[in-house]
Protein chains: 2
Amino acid sequence: MSETAQAKPRKKRLSSTERRAEFITKAIEFFAEEGFESSTRDLAKHLGVTQPLLYRYFPSKNDLIKEVYQTVYLNRWREEWDILLCDRERPLRERLQTFYEAYTDAIFTREWMRIFLFSGLKGVEINRWYVGLVNERILNRILTEYRFENGDSSDRQATPEELELAWVMHGGIFYYGIRKHIYESPVLADKSRMISDALDVFLMGIGETGSAFKD
Amino acid sequence: MSETAQAKPRKKRLSSTERRAEFITKAIEFFAEEGFESSTRDLAKHLGVTQPLLYRYFPSKNDLIKEVYQTVYLNRWREEWDILLCDRERPLRERLQTFYEAYTDAIFTREWMRIFLFSGLKGVEINRWYVGLVNERILNRILTEYRFENGDSSDRQATPEELELAWVMHGGIFYYGIRKHIYESPVLADKSRMISDALDVFLMGIGETGSAFKD
DNA sequence: TGGCTTATTTATCGATTGAAAAATAACTCG
DNA sequence: CGAGTTATTTTTCAATCGATAAATAAGCCA
């Protein structure tokens, strides 16, 4: 107080590439919390720089948002999962457990969940891209593998009813992430246990009831 | 074109109460599409009136939004559902089918779904209110009724694991609404069939596997 | 050290925001 | 018809928005 305190914090100059990367990383945090409609000034405050500096690195707010999307969504999918899900050396039940634990580790983060729903409500094409990914790379594979493991060697496509039922299982697991990161509601701490029970019920359920596959 | 067309549309004067009700109804449509960050001018345009007129009926934009919340969320829950779920004259499976068809009829609308997620992301208290409602009035009841119907007459509470499994079932059904109205992705047209299969799998699954209730 | 580059800030613009005040016009009732 | 009430519009304001231009200062290399 009595000292002539230098109020101004020292200004570090970062290299162009460092700064850019830092902006995107922190913009993800910021937009995940405040939504994409928040101002570039508040974003700059969160970054500890002035607002016009953003425009040295991104031509417009929308371009920055696009980079945020890309960084958040890109490369979340591990190519090993493609192999894992189709690896008939291992029992399907075990494959699914391993997959869903890894998959939910990847997407059950506050940033991913919130940005996914923010962008979904804004009508970005991410909706259909995600649905397509889940359909092709997860659910249809699960149904194919299930038929194979249970002796149905026909190459038939999954029926819409079967696919829907797989969606209910997948959605139930996904909804755990929504409850935790969007609703911020307490959930069962043991995520692996939740997945295990969900898979048990799904596999037992479609095995024991004819309903799911009736006409 | 050649006629001296009266560009100005006639201005009807509505009574105070009529106008207010109309504003809220159309504000629900508008905010459900555009989000709550959209301007009051655009809202007024959608209403066919001038922007300052809004401020005769609502002291601020936030007050209007609150009324939108109330109108959308209030009285969606039918008291008859409380009775239905606990009606031990009917088999549980049948009760659940009837309930979920009616419940999803009530909330699987574009307005409800989108406003629910918009407000949820904004950190309104609706999150916890909804989770509490589902916990108390739906899931815990289902688990109690299930135990009763299967001869477990103890008055014990549901374990966290059991509750979580019920959440997965409920979330799976709820996710159908998200896919349809948020992702705008094609879903199985037969909603009753989706519910039926989801319930079959859930009830068969927890009946046939010990996993859900192990430990 | 001195000159050059460039990251960063200061200052500012026009458009849009929520909101208030004043002016107008439609309706009611005598 | 005519005065009073009130729903609605016109006008306007201060704050904030995304974005640009000019000024400044930190770092680099001779």
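As the structure is a prediction and not an experimental result, all values here were calculated from the model. The figures here come from the full heavy-atom set of this structure, side chains too, leaving out hydrogens, waters and symmetry mates. Just so we're on the same page: letters track the sequence lines, and every chain starts at 1.
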To the nearest angstrom, the CG-C1' distance between B:L54 and C:dA21 comes to 17 Å

Atom CZ of B:R56 and atom C1' of C:dA19 are separated, to the nearest Å, by 15 Å

To the nearest Å, how far apart are A:D63 CG and D:dG18 C1'? 13 Å

With a 4.5 Å heavy-atom cut-off, do A:E29 and A:R110 have their side chains touching? no

Rounded to the nearest 0.5 Å, what's the gap from CZ on A:R156 to OG1 on A:T144? Could you check? 9.0 Å

To the nearest angstrom, the NZ-P distance between B:K45 and C:dG18 comes to 12 Å

When the aromatic ring centroids of B:F174 and A:Y175 are compared, is their separation below 6.0 Å? yes

What is the distance, rounded to the nearest whole Å, between atom CZ of B:R20 and atom C1' of D:dT8? 17 Å

Could you tell me how far apart B:E18 (CD) and D:dT8 (C1') are, to the nearest whole angstrom? 15 Å

Are any side-chain N or O atoms of B:R95 and backbone N or O atoms of B:D87, one a donor and one an acceptor, separated by less than 3.5 Å? yes

End-to-end bend of the helix from C:dT1-D:dA30 to C:dG30-D:dC1 (five-pair axes, 10° rounding)? 0°

Which whole-number value in Å describes the distance from B:Q51 CD to C:dA22 P? 17 Å

Is it true that A:R114 and A:E184 make a salt bridge, defined as a side-chain N closer than 4.0 Å to a carboxylate O? no

Specify the residues of residues 26-36 of chain B, ordered by number, for which at least one heavy atom lies under 4.0 angstrom from an atom of DNA chain C. none

Flag the pair B:R193 and A:E164 as a salt bridge only when some basic side-chain nitrogen lies within less than 4.0 angstrom of an acidic carboxylate oxygen. no

On the nucleotide C:dT8, are OP1 or OP2 found under 4.0 Å from the side-chain N or O atoms that A:Y57 carries? yes

Decide if the gap between the ring center of B:F36 and the ring center of B:Y69 is smaller than 6.0 angstrom. yes

Under 4.0 Å from OP1 or OP2 of D:dT8: is there any side-chain N or O of B:R19 that close? yes

Rounded off to whole Å, could you give me the CG-to-P distance for the A:L53 and D:dA25 pair? 16 Å

When every non-hydrogen atom of B:F31 is compared with those of B:S38, the smallest separation belongs to CE2-O, 4.3 Å

Pair A:E22 + A:R19, salt bridge at N-O below 4.0 Å: yes

So, is A:Y55 close to the D:dA19 phosphate, meaning a side-chain N or O under 4.0 Å from OP1 or OP2? yes

If you look at every heavy atom in B:Y55 and B:S60, which pair is closest and at what distance? CE2-CA, 4.0 Å

Below 3.5 Å between N/O atoms, which protein atoms pair up with nucleotides 13-17 of chain D? Just atom names and distances, please.
unit_1	atom_1	unit_2	atom_2	d
D:dC17	OP1	A:S39	OG	3.3

In short, A:L92 meets A:E145 closest at the heavy-atom pair CD1-CB, 3.8 Å

